[in-house]
Amino acid sequence: MQMFLRQFPYYIAEIAQAHEGSLGILHSYIDAVAKTGAHAVKFQMHIAEAESSKAETFRTNFSYEDATRFDYWKRMEFTFEQWQGIKAHVEAVGLDFIVSPFSVAAVKMLEKIGLTAYKIGSGELSNLLMLEAIAKTGTPVILSSGMSDFTELDTAVSLFKSRNTPLALLQCTTAYPTKATEYGFNVLAEMKLRYQIPIGFSDHSAKSSTGIAAVALGAEILEFHVVFDKDLFGPDAKASLTFPEVKQLIAGANDVYEALQNPVVKNHTADFKSLKTLFGKSLAVNRNLEQGALIQESDLESKKPANCGIPAADYKQVIGKKLLRPLKQWDFLTENDLS
């Protein structure tokens with residue numbers, strides 16, 4: 001399968017509902033993401049009538065202005081024309097345009113608009129009706145595994161592989177913010193072995209160190225929520241990264257990934273020859289010694305550099321040997337000084 005990712009690690013900054021339904025705030029987020037080094041910006045496309053109902057209760061009763069969850073999703077909507085403008089802005093600043101749909105209606109709209117990839121949220125992984133609609137498009141897909149076991153993941157992965165869909169999979173824990181005991185880093189290697197596709201980590205910990213650790217453990221993709229300030233209103237704010245934290249994350253993760261691509265062969269030390277001489281030690285005497293003295297361990301000291309006498313590592317070979325000439329305190333000890 002041809003992969004769509006530009007490079008590894010591939011960084012996805014999720015705006016989600018941080019825009020609070022404001023088109024102006026949303027565009028401000030796009031500009032802010034473009035300055036971080038991220039490769040993609042991710043949105044959620046909500047069409048309230050197609051995905052929700054008045055019967056949907058609040059998972060968390062956080063909203064001061066929405067009577068129902070349906071009302072909240074309605075407030076998060078944008079028109080087709082507005083989405084076209086959002087995509088144009090994303091592309092203008094050099095980012096990939098990734099969107100999570102939550103209905104077949106959203107998939108149909110997105111196919112008219114065009115996008116880099118679909119991101120399937122954890123709660124939608126068993127929504128085979130929508131997954132089938134996406135698979136038919138041929139558009140690349142990133143799956144999130146937060147609420148799913150391997151049986152459910154097998155079904156979703158098989159569906160997309162059967163269509164030859166470019167596919168990636170993210171380890172994710174549906175908890176906001178996620179605690180260290182919930183990261184599930186061990187799953188990264190399990191998923192890579194099981195599916196043989198690009199694997200990543202979708203983070204809700206609100207810590208830059210988490211993503212850096214995930215890359216060290218094999219994550220090729222990092223997804224994270226972004227927010228201007230963690231005290232802002234919204235369900236994801238406390239589980240998001242600020243933009244200074246995003247820059248710190250990307251710089252750190254890039255360093256770790258580069259290190260992993262350049263393994264050090266510990267037995268190859270030729271490049272350190274001059275340094276080993278500079279920092280190495282030669283044997284010296286720590287007091288004045290007369291000709292004929294028998295060298296004792298208590299007479300010895302080691303001094304830089306390594307090429308001025310007998311190597312310090314060979315000190316046992318000189319113990320008990322006789323001096324052929326007198327030595328002053330701190331003189332180096334050479335083979336020619338010993339009988």
Are [X] and [Y] side-chain neighbours, meaning at least one heavy-atom pair lies under 4.5 Å?
X: D203; Y: E223; result: no
X: Q248; Y: L241; result: no
X: I199; Y: Q171; result: no
X: L153; Y: L169; result: yes
X: Y72; Y: E65; result: no
X: L170; Y: L143; result: no
X: I120; Y: I142; result: no
X: V215; Y: P9; result: yes

Judged by modelled atom types alone, do [X] and [Y] share a side-chain donor-acceptor pair under 3.5 Å?
X: Y257; Y: N262; value: no
X: T242; Y: E245; value: yes
X: S282; Y: K303; value: no
X: T68; Y: D71; value: yes

Applying a strict under-4.5 Å side-chain criterion to I, L, V, M, F, W and Y, I'd like to know whether [X] and [Y] cluster together.
X: F80; Y: I47; value: yes
X: Y176; Y: L125; value: no
X: L26; Y: V33; value: yes
X: L129; Y: V141; value: yes
X: F160; Y: F102; value: no

Is the side chain of [X] donor-acceptor paired with the backbone N or O of [Y] at a distance under 3.5 Å, no angle test?
X: D236; Y: A239; result: no
X: D314; Y: Q317; result: no
X: E77; Y: A48; result: yes
X: S144; Y: G121; result: no
X: T137; Y: A133; result: no
X: H204; Y: T173; result: yes
X: T155; Y: T151; result: yes
X: T36; Y: A32; result: no
X: N254; Y: A251; result: no
X: T165; Y: K161; result: no

Answer yes or no: does atom [atom1] of [X] have more than 12 heavy-atom neighbours from other residues, nucleotides or ligands under 6.0 Å?
X: E297; atom1: CD; answer: no
X: F150; atom1: CZ; answer: yes
X: E290; atom1: CD; answer: no
X: E335; atom1: CD; answer: no
X: E258; atom1: CD; answer: no

Per the side-chain contact (heavy atoms from CB on, under 4.5 Å) rule, which among V90, L110, D96 passes with L115?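 Result for side-chain contact (heavy atoms from CB on, under 4.5 Å) with L115: L110.
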
Can you label the angle between the F4 ring and the Y10 ring as parallel, tilted or perpendicular, going by 30° and 60°? perpendicular

Geometric class of the W73/H46 ring pair [parallel <30°, tilted 30-60°, perpendicular >60°]: parallel

What's the shortest heavy-atom distance between [X] and [Y], and which atoms?
X: V227; Y: A237; value: CG1-O, 4.0 Å
X: I25; Y: A18; value: CG2-O, 4.2 Å
X: A214; Y: F185; value: CB-CE2, 3.8 Å

Under the side-chain hydrogen bond (donor to acceptor under 3.5 Å, both in side chains) rule, what do E14 and Q44 come out as? Steps first, then yes or no, please. CA-CA 9 Å; E14 178 167 5; Q44 295 181 8; 2.9 Å; yes

Is the distance between the ring centroids of F78 and F43 under 6.0 Å? no

In terms of side-chain geometry, is the basic nitrogen of [X] or [Y] positioned less than 4.0 Å from the acidic oxygen of its partner?
X: E301; Y: K281; result: no
X: K321; Y: D337; result: no
X: E91; Y: K87; result: yes

If you round to the nearest 0.5 Å, how far is [atom2] of [Y] from [atom1] of [X]?
X: K192; Y: E190; atom1: NZ; atom2: CD; result: 14.5 Å
X: S202; Y: H225; atom1: OG; atom2: NE2; result: 6.0 Å
X: Q82; Y: I113; atom1: CD; atom2: CD1; result: 10.5 Å
X: D66; Y: R75; atom1: CG; atom2: CZ; result: 4.0 Å
X: M45; Y: S103; atom1: CE; atom2: OG; result: 8.5 Å
X: T116; Y: F97; atom1: OG1; atom2: CZ; result: 8.0 Å

Start with the C-alpha distance between E111 and Y118, add both sets of side-chain angles, then the distance that settles side-chain hydrogen bond (donor to acceptor under 3.5 Å, both in side chains), and finish with yes or no. CA-CA 10 Å; E111 283 303 304; Y118 285 101; 2.6 Å; yes

Might you work through the ring-ring contact (aromatic ring centres under 6.0 Å, His included) test for F224 and F201, ending with a clear yes or no? CA-CA 9 Å; F224 41 84; F201 188 75; over 10 Å; no

Derivation of the side-chain contact (heavy atoms from CB on, under 4.5 Å) call for V157 and L167: CA-CA 8 Å; V157 169; L167 184 65; 4.0 Å; yes

Which residues pass the side-chain contact (heavy atoms from CB on, under 4.5 Å) test with A313, sequence neighbours left out?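 Expected list: none.
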
Where do H89 and D31 land on the side-chain hydrogen bond (donor to acceptor under 3.5 Å, both in side chains) test, with the steps shown first? CA-CA 9 Å; H89 186 180; D31 287 330; 2.7 Å; yes

List the steps, then state whether side-chain contact (heavy atoms from CB on, under 4.5 Å) holds for S240 with K230. CA-CA 7 Å; S240 301; K230 295 182 184 183; 5.5 Å; no

Members sharing L283's hydrophobic cluster (side chains within less than 4.5 Å): V285, L289, I295, L300, I310, Y315, V318, I319, L323, L327, L333, L338

Decide yes or no on side-chain hydrogen bond (donor to acceptor under 3.5 Å, both in side chains) for Y183 and T178, but give the supporting numbers first. CA-CA 7 Å; Y183 294 165; T178 313; over 6 Å; no

